[in-house]
Structures are given as structure tokens and as C-alpha cells.
> 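Handing you a structure now.
Values below: every heavy atom of this structure, side chains too, minus hydrogens, waters and symmetry copies. Just so we're on the same page: letters track the sequence lines, and every chain starts at 1.
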There are 2 protein chains.
Amino acid sequence: MIREEILMTNKRSVGVRAGPRRVTISDVANHLGISKGTVSRALNGYPDISEGTKLRISRAAERLGYHPLSHAQAIRTGRVRSLGLVLQIDSEDSARPFLADFLGGVTQAASDENWTVTIAAEPTEERVRKTLSRLVDEQKADGFILPRTLKQDGRVTTLLNANVPFVMFGRTEDSRECAWYDVKGEDAMRAATTRLAALGHTRIAHIPGGDQYYYTQLRIEGYEAGLKAAGLAFDPALLAPEAMTRRAGAAAFGELMALPEPPTAIVCAVDRAALGVYRGANARGLRIGREISVIAYDGVPEGAYADPGLTTFAVNSQQAGERLARLLIERIRGADPEDLRELAPATLVERGSDKAPALSSTELAQRLNDQHEIKNV
Amino acid sequence: MIREEILMTNKRSVGVRAGPRRVTISDVANHLGISKGTVSRALNGYPDISEGTKLRISRAAERLGYHPLSHAQAIRTGRVRSLGLVLQIDSEDSARPFLADFLGGVTQAASDENWTVTIAAEPTEERVRKTLSRLVDEQKADGFILPRTLKQDGRVTTLLNANVPFVMFGRTEDSRECAWYDVKGEDAMRAATTRLAALGHTRIAHIPGGDQYYYTQLRIEGYEAGLKAAGLAFDPALLAPEAMTRRAGAAAFGELMALPEPPTAIVCAVDRAALGVYRGANARGLRIGREISVIAYDGVPEGAYADPGLTTFAVNSQQAGERLARLLIERIRGADPEDLRELAPATLVERGSDKAPALSSTELAQRLNDQHEIKNV
DNA sequence: TGCGGCTCCGAAACCGGTTTCGGCAAGAAA
DNA sequence: TTTCTTGCCGAAACCGGTTTCGGAGCCGCA
């Protein structure tokens, strides 16, 4: 009815698209016989518009189906109502299985506020930084979510210098001026360790994550705290080399099994390393959940299909995405980054990889030794 | 040097961000002492600018580091230089494992042309349509990539009516006016069938995909063509009920094994169904690659970790994303949709699930029957 | 009655680009 | 020499919004 009138009076094709023209702010203004400046101020909640006209205007806008064009607003305000996300997608990307959930969370939260998400993906760290700079230069987004934060992160420097709002997924060494969301991996490692100790394990090892991540340090501390709580001494030999992949996990497991007093249980900083432990154990005829117990962290889907299922502390990626988006929007709206920090717990998913030890460390060493001799004969 | 001058002369803070001001088109014009209209036309390749000044202008723009603001351009041109992508992310999303690769492909191609990707995700078909409409209304993207196209797809209607360019990932029943990219699943099914026949299988079944997808029909035809090429008769009993999930795959397998003449080999339209076959075979004491052979399609990562590895026809998702982005950009630039259609082959990944039959169909039936009786006793 | 202050809104400038229109100058045709 | 093109560019309008500025009313108060 009303919408029709407007569409009839200024039917005209714009660009390639034919179709009926959008309802603009001028249409609303003309329809009410007032100036478009007033309409703009009313819709943006300026205080110098009377409540009466504010109501008239918002009702008319609603009826006519007026929605401002974010890029038309942006030219004056500098804000495009979009969140930026530059992913690093490489071959060993541990975040890959969580991507869908994470994106779901981010975009849902953005949609709720009528924002959009601008995304890019690059294979290397350097290209990520370049693309990030480009997006900042061209004002494609009002702020950025930084996944996979490193201990010292170049992206942070870039964005701080450019004075562009951002939120990190994961803490860094120096978090001043930074907003972040993180999961308490250290608590998970601690709980994993005490849990294994309660099952009767006394030789509990830890396979940490990559050194470039701050969380690696935190998780090691969590592991040590768990040992302490269980009354076990920390043995540096049980702190394996770092492993972020299946292959590296298997290698780390090999080193642990070569020890004079090998561990009967292993806490892994990431699921992929744990799946490497499965492989290594398999190759040595050791059964997970019997001779070797494992608890890991992340919650990758493969863990559920492994045999036995991998007991792990799962991260809720969708929630992480959602919270990060909301924090970022608040940040863009001017909130103090120091007030925008959140820690969430990981959830224990009990499957079959953590049981009481079938063999003591000594017996395990004996058995590995026997195998070795058999092979050599 | 030159850049510095400009930055010094008009240093002024805009909005929240402090930082030095961007270089605008006026800066370039003033620096050269010409009008900004001329600069714009030169940079956009209008024919009424002499080659000499074109060169001067593009060089100056380069030196000053001028990049036009896409949203400032958009207000006049209606083009934001962005590709839209609305994902449907639900629990049984088969596309999930490919998402990272796919996004990588799309964003790479977009970046190459200095475009961006605007993304959204919704859990249901209806919400996808709503979000799509919103993005169209607000001109957040110049065109859309439609993944997971259905036989009859509401999104297509929406976009055709709104006269907004789009490209489909997958063909539909009626592809008029549509650009698309697809993988030759029918060829893969045909090759899988002849391959199994060549290994000595004579009872080869097919577990098709969901009826809502057009490819399901195509793949069934491919399967039938394979039978024909191998000189085998088509037996309707060997066309199992559809299966898109592990659970449904196991159920379909159950029905096939209940047949008087059960198949010794199965061609699955999707990997997930094949993994369900693994589960079903396992439960019946049948070994994949021995009593039962399987070849599937998709290339999900779990297939590599299954035991034995799943032989499958893998789709190159990154390439798909890249091609789709390029096709869409061409479409937005005005190319005829009929000229924008591409078919890519799937790649056979040989693992261990397809071997010569260890048992004939009759022997298999006998064995299943024995088991059944044992159970019942 | 005059004056100051406050509320509320219109007019117009502005943001950073694009596009239309018209005119000047040089070369070609008459 | 005059006229008609043609090539090339400046001036200004325009896109759809936001924001500044000022002024018209209305009120209260001296």
C-alpha cells in the first residue's frame, strides 16, 4: 500500500539490477513531510528530537520497510557494521574441525546485532598480516577477531598501531590494552592429572603444545599443579617434546617409552598429539586404556571414533565464537578492553582412554625391553 | 615523502580512530592539480582520458598509496566488491570437514581481485533464506555463492526475483538462468562400479544420497551406467534406501545384508554412509576389504583413519571454492550465466576398502544365516 | 514588555567517491 | 578561412546517509 506508492513514483533501474528501488531515508522524510536530517537523528536516538516525532518516524520507517545502507552510513561515520576475521588455514591447522562451530557462533552473534562478518583466509602468518592490513586500510571491518593468538603476535602490534579494535581468542604474554576470551586449559590439564593419579597412576607424563603459543606454558603449569595436588613429584624427564600433530605425538610417545621408568599415563595438551600416542602404542602392542592411559584437550571429532574413545576436555567453539563477537562489538562501541575479558571452562568428555594402569612402570619397561630384544633377534 | 606532506596538511581525527588520515581521491587530484572527476575516470579506465594523464594519475595514486574505499564507491555504483556466502550449519552437516578448504578457495580468489567475502551461518533452511534476503536488501554483497543446492531451491527463486547474481555449487533440476560449478559425481559412481566389477564382484549395491539433492539422481544413473558397462543387470533390490549419515548407512547396510542374495560390494553416494557400512559390517563380523568391499565419494578425513582406509572419490573443495568465486565475479561483471558452468572430476583415492570378494554372494548369505541362527539359539 | 534560555527541527554542508554535461582547443573537412 | 568533429578535461550534480549550525517558537522571569 504505502510501500507501493513510493515504489511506483520512483521506479528506476539502478546499475545492473533492475527490480524495484530501495526505500531511502528521503522517502521516509518526504512521506512525513519532514527533513531527512531529522529522520536520521531520530532513528539514531539523538536527544534533540521530541519523543512524539521519534515515534512517528520509527513507525513510518517500519511501515515503509526502511533499512539504512551500512555503506552509505559508513562514508560519514567510518563504521561499516562488520566484524573482520582473517583465518590462517594451513595443512596442520588444528582449528579446522572447529571452524564450522566457531563461524556459526560468530555470525549468529553478529546477525543478532544486525552486523555482518567479513572473512579472509591465508596460508601463512605473513600473508595473514598483509591481508589484515589491507582490510584495515580499506575499512572493510570495524574490528577484528584474532584466532590462534601467539605468545608474541604481530597482528596485535599492527592493530594497536592502527588503533583498530580487536579481540583475541587466547591470552598472550602481554595483554595490556587487549580484550580477550580464553578457555581454561590450565585447569583442564590439572584436572586430567589428578584424575589419572586417582586412578592409580604414579608416572604421569605431559606432551605439551607448540612453544609459540602462550597456552602451552599455562598448560604445563596446570599439569605441574595437578602433580603437586596428587602428591607426585615433577620429573623433567616426563615432560615430552612439544607435539601439535599426530606424527609429532607418536614421536614424543616414542621418547617417553624409551625412558628407564616410562609413564603409564599421559596428559596431552592437544587431541592430535594424543591420537599420535594411539598410533605409537598400537605399533608397540600396547593398548590404550590398559597399559597406557591418555587424557587430552580440544574435543576433535576423530577422538570419538578412535578405539577406545579418547577422553578429553572439549572446548565449546560455538560459544567461543559467539562471546568473541559480542566482546568485539562492545569494544567497537567504546568499551575499555580491560573490562572485556572472559575465561570459560573446558568440559570433560569421558570415553575409554583413561583407566587404572594394567602394568606398573617397571613392568611396562620390562615388556618394552622384551619386545625390543625380540625384534633384534 | 610525498605521502608525509599530505598527512601533515590534513591531520585530523575521524571518528574513534585517531591515526593518520587516509589518502583520498581529492588528495590525488590536488597533488596533480586536476579535478577529482578526472582522477576517478582515469582510474576506472574511461576512454575519454588521454593515455598520458592516465599514466600520470595511476603513478601518483600508486606513490601516494591511494586505495578507493569500496563503500564510498558503493553508494554511487551499488557495488561493494564483496561476495556473499550464507552457510547452513546444522548437526548433520556433511560439508563441515570441507569448510576450511572451501573457504580458503573462495577467499583466495576474492582477495586476488581485491574483493572480500561476507559470510553468515544459520542452522535451518528457513533462517538461511531470511538471512539471505536481509543481505540482499542491505546490499552487503554483490552476489552470492549457494552451497548445497537442492533439487528445488528456494534461494534460487529469491535471488532470481531480486535480480541478484549468484552461482550454485551443484546443479539443480532447472538450471535456466543459473551459473554453476559441480563435480562429476555420476562419473565417479560409474567408475566405482566398473572397478568393483573388474575385481570380480557381481552383486554390487548402491546406497544413494538424500532425495532432496539433484546429485542423488545423477549418481544413481552413474551407478546404473557402470553396471551396464560391466555387463551386469540392474537389480532394484540392490538399490538401498537413502543414507546421508553414519547411522543411516548402517541401517541401509542391514537391509542389504538381509537380502536372499546380498551384495559383496557397495558403492556409496557419500562417505558418511560408507562409514556406517563399516560399523554394520563390524557388528556382523564381516571385514571390509574381504567379505565386503566399499567405494564411496567425498573424501572426508575420517575415511583415511578408518580401518581399512576407505577408498573414495575425493572432491577438491578448495578448487571448488576458488572456481565458484571466480565464476561469481564474472557473473557480477555481467557475463551470461549460461556461459558460466563448470564440471570438475573427482579424484580416486585408493585405500583398502575395495578388494576381490572373499566370499560369493551365496556364501555370504549362508554365513549371515549361520550367525543369525547362532544368535537365536 | 523585554529578555534569556530551552526545545525541537530545517537547511545545508559534508563524507568520498562516480557520472553527466558542456566547453575548449586542435585537427579535419569544406 | 570557416565549420564540423573529435579528444580531453573541469565543473557540478549526485548517491544515501550524518552532522553542524542556526533559528523559530515557547516558556519563565525580571
> Quick check: on DNA chain D, is the nucleotide nearest B:K54 upstream (toward 5') of the one nearest B:I75, or the reverse? Name the residue that is more 5'.
B:K54

> B:L43 has an atom CG; how far is it from atom P of C:dT19, in whole Å?
13 Å

> Taking the minimum atom-to-atom distance to the side chain of B:R41, which one of D:dC9, C:dG16, C:dG17 wins?
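Nearest nucleotide to the side chain: D:dC9.
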
> Identify whether the distance between the nearest side-chain nitrogen and carboxylate oxygen of A:R326 and A:D112 falls below 4.0 Å.
yes

> Would you say a side-chain N or O of A:T38 is under 4.0 Å from OP1 or OP2 of C:dC9?
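It does not, given that no N or O in the side chain of A:T38 lies less than 4.0 Å from OP1 or OP2 of C:dC9.
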
> Whether the A:R81 and A:Q73 side chains hold a donor-acceptor pair (N or O, under 3.5 Å, no angle test) is what I'd like checked.
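Result is yes, a qualifying pair exists.
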
> Send over the distance from A:Q73 CD to D:dT18 C1', rounded to a whole Å.
9 Å

> Whole-Å distance between C:dG17 P and A:H71 NE2?
14 Å

> Starting at the 5' end of DNA chain C and moving along, which residue's nearest nucleotide shows up first, B:D48 or B:A72?
B:A72

> Quick check for you: among C:dG16, D:dC9, C:dC9, whose closest atom lies nearest to any side-chain atom of A:I49?
C:dC9

> Taking CZ from A:R76 and C1' from C:dG16, how many angstroms apart are they, rounded to a whole number?
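Going from CZ in A:R76 over to C1' in C:dG16 covers 11 Å.
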
> When you get a sec, tell me which of C:dG17, D:dT18, D:dG17 is the closest nucleotide to the side chain of A:T24?
D:dG17

> Starting at CG of A:L32 and ending at P of C:dC9, how long is that distance when rounded to a whole Å?
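Going from CG in A:L32 over to P in C:dC9 covers 11 Å.
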
> Write down the distance between CZ (A:R79) and P (D:dG17), rounded to a whole number of angstrom.
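After rounding, the gap between these two atoms is 18 Å.
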
> Rounding to an integer number of Å, can you tell me how far A:K36 NZ sits from C:dC9 C1'?
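Whole-Å distance recorded here is 16 Å.
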
> Could you tell me whether B:T53 contacts a base, only the sugar-phosphate backbone, or nothing, with contacts defined as non-hydrogen atoms closer than 4.0 Å?
sugar-phosphate

> Under 4.0 angstrom, heavy atoms only, what part of the nucleic acid is A:S35 near: base, sugar-phosphate, or nothing?
base

> With nearest nucleotides of DNA chain D determined for B:S50 and A:I25 from heavy-atom distances, which residue corresponds to the more 5′ nucleotide?
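Closest to the 5' end, via its nearest nucleotide, is B:S50.
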
> Charged N to carboxylate O below 4.0 Å: is that the case for B:E125 and B:R129?
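Salt bridge absent between B:E125 and B:R129.
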
> Are A:Y46 and C:dC9 close enough that a side-chain N or O sits under 4.0 Å from OP1 or OP2?
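No.
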
> Indicate yes or no: does A:D90 engage A:R148 in a salt bridge with an N to O separation below 4.0 Å.
yes

> Tell me: CZ of A:R22 to P of D:dC15, nearest whole Å?
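It is 13 Å, rounded to the nearest whole Å.
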
> Below 4.0 angstrom from OP1 or OP2 of D:dG16, is there any side-chain N or O of A:Y66?
no

> Look at B:D142 together with B:R79 and state whether they make a salt bridge at an N to O cut-off of under 4.0 Å.
no

